[in-house]
Amino acid sequence: MTLTYLGTASVLIDTGSVRVLTDPVLDEPGGTYDMGPPWAPPRWFSSTRSHPTPIPASALGAIDVALLSHDHHFDNLDYAGRAFVLGRSVDTVVTNPAAARRLAPLKRDVRGLATGESTTAAGIRITATPARHGPLLTPQVGQVSGFLLEGSHIPTIWFSGDTVMTPRLRHWLTADRAVDVAIINCGAVRFPGAPLLSSARFTFDPGEVVGAALALNPRMLIPVHRSGWSHFAPEGPLRDAINAAGLEPRTRWLEPGETISIST
């Protein structure tokens, strides 16, 4: 099996017979996007993307399953990513229930999973895992999900989605399960220009990344959603925290376009 990192939280998982794509972000770099609710001035929640697009949508080929942690933020599903997911190249979309309601009128096979629910697509069992995209009651959070991928022919993979640490997620992480690969969304996202929310955080900070990795104890840790956008925190503290926790030997710091092989 190979993993190819496309930047932000976009990872192409290729088993040789099945291809899975997470949170497609496929626009060209340089754009500025509004991540806030419709009523908020764009300057409050805007962010500019700088990382490259190593594989354009036209070159990705057929995808069996697209996993969308959520559909309402451009750093997880941008314009080109949305067009690709809704097009003929993607067979099945698995996401959260709110996103499924928005996307189902536009595509035949869209499955919305509540936390703990499972579905099987292309021979892979996909289970929605706990996630909360920031503090409670913040207007732009919306529904979000992580996903656990299991199958007889693949390593077990956890894709965290955008989340902060919550009691429900901590309980899930400490359950007795074996996970081979943890793809964890980082970034310690904040929007300092938003009144009353300038100190709010919407994704894992370095301490939460380390805590999740130590609790889950995967064979391989792949930090994503960690650079390439102006609303992400600098990457240095994340690297320092992972090194200090002794996790560096099992961590793979993939750059956009880089591919690694993983044994089953």
Side-chain angles (χ1 to χ4, degrees), residues 6-10 21-54 56-57 66-87 93 95-107 110 112 131-146 160-164 185-206 208 223-238 256:
L6 305 183
T8 315
S10 303
L21 182 63
T22 66
D23 282 0
V25 174
L26 303 173
D27 287 351
E28 289 302 313
T32 297
Y33 302 81
D34 180 11
M35 309 287 185
W39 51 263
R43 68 181 184 278
W44 288 4
F45 296 103
S46 67
S47 181
T48 300
R49 176 183 166 214
S50 59
H51 77 68
T53 302
L67 299 178
L68 304 183
S69 64
H70 56 305
D71 70 325
H72 56 280
H73 290 151
F74 290 105
D75 58 335
N76 297 86
L77 188 68
D78 60 8
Y79 296 112
R82 181 179 295 271
F84 182 76
V85 163
L86 296 177
V93 175
T95 186
N96 65 71
R101 288 192 293 272
R102 291 186 287 265
L103 297 175
L106 306 173
K107 190 174 182 68
V110 178
R132 193 184 78 207
H133 198 357
L136 288 171
L137 304 180
T138 48
Q140 77 276 28
V141 168
Q143 280 192 10
V144 65
S145 182
S160 73
D162 281 9
T163 188
V164 294
N185 292 13
C186 310
V189 166
R190 297 180 190 273
F191 294 95
L196 303 180
L197 291 173
S198 60
S199 62
R201 182 168 48 76
F202 299 94
T203 61
F204 276 162
D205 65 11
E208 289 175 330
V224 299
H225 198 273
R226 67 181 200 266
S227 61
W229 290 80
S230 61
H231 66 310
F232 290 3
E235 192 175 311
L238 174 64

By side chain to side chain contact (heavy atoms under 4.5 Å, CB included), which residues pair with Pro56, not counting sequence neighbours?
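Pro56 satisfies side chain to side chain contact (heavy atoms under 4.5 Å, CB included) with Ser58, Ala59 only.
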Quick one: list whatever passes side chain to side chain contact (heavy atoms under 4.5 Å, CB included) with Ser230, sequence neighbours left out.
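Once residues adjacent in sequence are excluded, the partners of Ser230 under the side chain to side chain contact (heavy atoms under 4.5 Å, CB included) criterion are Ser47, Thr48.
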Partner set under salt bridge (charged side-chain N to carboxylate O under 4.0 Å, His left out) for Asp34, not counting sequence neighbours
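Expected list: none.
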For Glu208, all residues meeting salt bridge (charged side-chain N to carboxylate O under 4.0 Å, His left out), sequence neighbours excluded
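Only Arg201 meet the salt bridge (charged side-chain N to carboxylate O under 4.0 Å, His left out) criterion with Glu208.
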Supply the atom-to-atom distance [X] [atom1] to [Y] [atom2], rounded to the nearest 0.5 angstrom.
X: Asp162; Y: Asn185; atom1: CG; atom2: CG; value: 5.0 Å
X: Arg82; Y: Asn76; atom1: CZ; atom2: CG; value: 11.0 Å
X: Thr95; Y: Leu103; atom1: OG1; atom2: CG; value: 6.5 Å
X: Arg190; Y: Thr203; atom1: CZ; atom2: OG1; value: 9.5 Å
X: His70; Y: Ser145; atom1: NE2; atom2: OG; value: 11.0 Å
X: Leu26; Y: Asp78; atom1: CG; atom2: CG; value: 6.0 Å

Measure the shortest side-chain to side-chain distance between Asn96 and Ser69 over non-hydrogen atoms and say whether it is less than 4.5 angstrom.
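No, their side chains stay 4.5 Å or more apart.
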Is any side-chain heavy atom of Phe45 closer than 4.5 Å to one of Leu197?
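In contact.
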Could you check whether Arg49 pairs with Asp27 (Lys NZ or Arg NE/NH1/NH2 to Asp/Glu carboxylate O, under 4.0 Å)?
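Judged by the 4.0 Å cut-off on N to carboxylate O distance, Arg49 and Asp27 do not form a salt bridge.
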What are the two closest non-hydrogen atoms of Pro223 and Cys186, and how far apart are they?
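Heavy atoms only, the tightest pair is CB-SG, 3.8 Å.
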Short side-chain donor-acceptor distance under 3.5 Å, His51 and Thr8
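A pair is found: one side chain offers a donor N or O, the other an acceptor, under 3.5 Å apart.
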Under 3.5 Å side-chain donor-acceptor pair for His225 and Asp23:
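Absent: no donor and acceptor within the cut-off.
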Hey, which of Asp75, Val25, Leu77 is the one that makes side-chain contact (heavy atoms from CB on, under 4.5 Å) with Ser10?
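So, applying the side-chain contact (heavy atoms from CB on, under 4.5 Å) to Ser10 and each of Asp75, Val25, Leu77, only Val25 qualifies.
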Among Phe202, Phe232, Trp44, find the one that has a ring pair (Phe, Tyr, Trp, His ring centres under 6.0 Å) with Phe191.
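For Phe191, the ring pair (Phe, Tyr, Trp, His ring centres under 6.0 Å) test succeeds with only one of Phe202, Phe232, Trp44, which is Phe202.
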Test ring-ring contact (aromatic ring centres under 6.0 Å, His included) applied to Tyr33 - qualifying residues, sequence neighbours left out:
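Counting only residues at least two positions away or on another chain, Tyr33 forms a ring-ring contact (aromatic ring centres under 6.0 Å, His included) with Phe74, Trp229.
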Pair listing, salt bridge (charged side-chain N to carboxylate O under 4.0 Å, His left out) test, anchored in residues 35-47, at least two apart
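Counting only pairs at least two positions apart or across chains, no salt bridge (charged side-chain N to carboxylate O under 4.0 Å, His left out) contact touches residues 35-47.
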